[in-house]
**Q** 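Take this structure first; my questions come after.
Only heavy atoms go into these numbers, but all of them, side chains included; no hydrogens, no water, no symmetry mates. This one's a predicted model, so the numbers in the text were calculated from it and none came from an experiment.
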Amino acid sequence: MADAGLMFACFGCCCGHTNNGAARISRPATRRVFDAAGLQGRVRFAFSECLGPCSEANVIFVYLNGRPLWFRRINTAELFDSLLSYVRTAVDAPGAALPEALTAHSFSWTGGGVGPELA
């Protein structure tokens, strides 16, 4: 099966760095969790420089089945696991509903500025 999507975990100026108020992200630990999720060959995962919405650190951008999805404040291993579980489901079932645990972390953003207003 060809890649169904991409995931970018921001690791720029704010995301992953506690000195800017975000939760710490360990690249090796995050990579291990992604690798264990069984998404290789289905979804590509990479760390990115700043994705833009710094007010929402830690940000993960997912492009899945032609649909852009933004997630904010993915600050715990449990949230990252929930996101990976959703991605696994959505790869096989495009249009799958976002689980309640991720709803508050999903946001729309088209670029520019510091990020969306807090809800």
**Q** Not counting sequence neighbours, which residues clear side chain to side chain contact (heavy atoms under 4.5 Å, CB included) with Ala23? List them please.
**A** Asn58, Asn75

**Q** Which heavy-atom pair separates Phe71 from Phe107 by the least distance, and what is that distance?
**A** C-CE2, 3.6 Å

**Q** Apply side-chain contact (heavy atoms from CB on, under 4.5 Å) to residues Met7 and Leu83 and explain how you reach the verdict.
**A** CA-CA 10 Å; Met7 287 182 71; Leu83 180 55; 4.0 Å; yes

**Q** Quick one: side chains of residues 27-41, donor-acceptor pairs under 3.5 Å with protein atoms, not counting sequence neighbours, listed by atom name and distance.
**A**
| unit_1 | atom_1 | unit_2 | atom_2 | d |
| --- | --- | --- | --- | --- |
| Thr30 | OG1 | Ser26 | O | 2.8 |
| Arg31 | NH2 | Phe45 | O | 2.9 |
| Asp35 | OD1 | Gln40 | NE2 | 3.3 |
| Gln40 | NE2 | Asp35 | O | 2.8 |

**Q** Quick one: does Asn65's side chain have a donor or acceptor within less than 3.5 Å of a partner on Ala90's backbone?
**A** yes

**Q** How many angstroms lie between atom CD1 of Ile60 and atom SG of Cys15, to the nearest 0.5 angstrom?
**A** 9.0 Å

**Q** If you round to the nearest 0.5 Å, how far is CD1 of Ile25 from OG1 of Thr18?
**A** 11.0 Å

**Q** Using side-chain contact (heavy atoms from CB on, under 4.5 Å), reason through Leu6 and Val62 one step at a time and then give a plain yes or no.
**A** CA-CA 6 Å; Leu6 305 164; Val62 178; over 6 Å; no

**Q** Side-chain donor-acceptor contacts of residues 98-105 below 3.5 Å, not counting sequence neighbours, with atom names and distances?
**A**
| unit_1 | atom_1 | unit_2 | atom_2 | d |
| --- | --- | --- | --- | --- |
| Thr103 | OG1 | Pro99 | O | 3.2 |
| His105 | ND1 | Arg72 | O | 2.9 |
| His105 | ND1 | Arg73 | O | 3.4 |

**Q** For Cys14 and Cys50, run side-chain contact (heavy atoms from CB on, under 4.5 Å): C-alpha distance rounded to whole Å, both residues' side-chain angles, the deciding distance at 0.1 Å, then the answer.
**A** CA-CA 8 Å; Cys14 299; Cys50 185; over 6 Å; no

**Q** Which residues pass the side chain to side chain donor-acceptor pair (under 3.5 Å) test with Arg24, not counting sequence neighbours?
**A** none

**Q** Could you note down all residue pairs passing side chain to side chain donor-acceptor pair (under 3.5 Å) where residues 81-91 supplies at least one of them, sequence neighbours left out?
**A** none

**Q** Backbone N or O of Trp109 within a donor-acceptor pair of the Trp70 side chain at under 3.5 Å?
**A** yes

**Q** Relative to the ring of Phe11, is the ring of His17 parallel (under 30°), tilted (30 to 60°) or perpendicular (over 60°)?
**A** tilted

**Q** Dump the intermediate steps for side-chain contact (heavy atoms from CB on, under 4.5 Å) on Ser48 and Cys10, then the final yes or no.
**A** CA-CA 5 Å; Ser48 173; Cys10 187; 5.6 Å; no

